[in-house]
Amino acid sequence: MPGFGWKKGLFIIFIVLLFSSPAFSVDKATALRIANLIEKHKQEIIDIRRFIHMNPELGNREFETSKLVSSKLLSLDMEVRSETAKTGVVGLLRGKHDGITIGFRADMDALPIEEQTGLAYASLNKGVMHACGHDIHTSIALGSAIVLNEMRDMIKGNIKFIFQPAEEGAPSGEGGGASSMIKQGVLKNPPVSAIIGMHVWPEAETGEVLISPGTIFAGLDTFEITIMEKSSHGAQPPKEIDTVYIASQVVVSIYSMASRTLDPVNSAVVTIGKISGGSRPNITADEVTMEGTVRTLNQETQEKIKQLIERIVISNTQPFGASYSYNYLKGTSPLYNHPDLTAILRPSLVNAVGQNNVRSFPPQMFTEDFSEYSERLPGFYFLLGVKPAWKNSVHPLHSSQFNPDENCIPIGIKVLCHLLLDCLDYQAQFENHNK
Ligand SMILES: [Zn+2]
Ligand SMILES: [Zn+2]
C-alpha cells in the first residue's frame, strides 16, 4: 500500500520487540483516560443504542439512523459527509498531529425479522429488527468518536468513521453497501491507509475478542439454472421431457458434490434456496428454475464450483434432450485479514482486554461486505463477544430472539480506541524511523 509500510513495518516491530518493550501509545495513563471518558459517556451511548434498536431500518432506508449519526458527529465538530450511497455517513476526526488516515466501518442496517425478545426497548417497526447487532456496531463507532474527540491532542493522524448502509444487501434493483460507498469515494480525501471492522459474536463471552490472520469469512456467489423442455439441439427427436425430474436430480448431485469432490480444507457450502416451475399437478413443467448461493473461502474453490455445477447440469440434461441456461454471478469476496496488520494489532488487543481474552477462531462460512474494503487496502476485522459469562448460550445472529449483552458496548469502544490510537502511533513511529 503506497505510503503505508506494513511490510517494512513488521520488520521494525521485530526490532522494537527485540530491543525494548513494545512502544504502544496506549500506556497506562492513556488507558485510564480512555476508561474515564467511556465511563463519562456510557449512559448516553447506551441510550443511543436503545434508540437505534427501537427504530430499526432496512438496507438503504436507514434515514432516521443516518440523521442521528450525522447530527451526533456534527456536534463533535467533525467533518461530516452524509447521504453517501443513499444513507451512508462519513465523519472525519482530525488529530492534532499530522499522520495517515485510518478508517473504521460500522454497518447500520436491520433485518426483515419480527422481534421476539420481549425487551423494554424492542423494535417499534413491525417486521424489522436489529437481529445482527448493527445497532451495537453503530453505537460503538459513535462512542469511539465521542471519546477520541476529547483526545485529539494525542492523535497522530486522522480517523475516518464510516457508517455504511445495506450490509445485509440492498433492495432488489438497487446498489448499496460497501461497494457503493467505495464508488462514492469514501476511501479518498483524505486517502484511507488501513481499515478496521468488527462484528458482535454470540459464541464468545462478553469481554473476549476473537482475531485471526488471513481468510476469516467466506465469499458469496449466486447462480441461477433453468432446465428447459425444448432441446436446443435441432437433431434431438421431440419427446416429453420431465424438467421437474431433471431438476431434482441436479439438486441431489449439487448437494453431494461438495462432500465428494472438494477437499475438506477448501470446502464450500452450496444452497439452493428457490425452485420454481410448472403450472398444474397433471402437466409436466416446460421449465424449472433453481436459484442458489455458493460460499467459499478461496478463489480456486470458487472457480472449481462454478465449473462443477455446470458439468452436473450438462450430465443431467443431455441424456434427456433437455436444454438449460446457467448464470453464475460473482458476489462478495472472502474476507481477508491482512497478516502484517493483524500481527501489529494483536499486542494492542492484548493491552486492551488482557491476554486471556484474545482468542483465535477458524474461518467461518459467514459473509461480510467489509471484504470490499479489505480487498483494496490492509484490513483488520475482529469479533466481539456478546454472551454473558453466566449464560451457556445465547440466540444466534439473525434470530428473532437475538439479544446481545449490552456490556459489550464499553468494551468495544475501549478496544476500538486502543486499536485506532496504536495503529496511528505505529505508523508515526515507522515514519519517524525513516526520516
Ligand atoms: Zn447479518
Ligand atoms: Zn451483521
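Position 1 is the first residue of the sequence; numbering continues from there.
In this structure, CD1 on I309 lies 11.0 Å from CD on Q307, to the nearest 0.5 angstrom. Once rounded to the nearest 0.5 Å, the distance linking NZ of K67 with OG of S82 reads 11.0 Å. The CG atom of N351 sits 14.0 Å away from atom CZ of R346, with the distance rounded to the nearest 0.5 Å. Between the CG atom in L421 and the CE atom in M154 there is a gap of 5.5 Å [rounded to 0.5 Å]. A distance of 8.5 Å separates CD of E406 from OG of S139, quoted to the nearest 0.5 Å.
One finds a salt bridge joining R376 and E372 here, because a Lys/Arg side-chain nitrogen approaches an Asp/Glu carboxylate oxygen to under 4.0 Å. Ionic pairing of D153 and R33 is present here: one or more N-O contacts between side-chain nitrogen and carboxylate oxygen are shorter than 4.0 angstrom. By the 4.0 Å N-to-carboxylate-O rule, D107 lies close enough to R105 to be salt-bridged with it.
Using cut-offs of 30° and 60° on the angle between ring planes, the pair F161 and F104 is perpendicular.
Taking the six-membered ring where the residue is Trp, the centroids of Y381 and Y336 are separated by 6.0 Å or more. If you look at H53 and H134, their ring centroids are not closer than 6.0 Å. A centroid separation of 6.0 Å or more is found between the aromatic rings of W201 and F382.
No donor-acceptor contact under 3.5 angstrom links the side chains of T293 and T222, judged on distance only.
Among all heavy-atom pairs drawn from T65 and N55, the shortest one is OG1-O, 4.2 Å.
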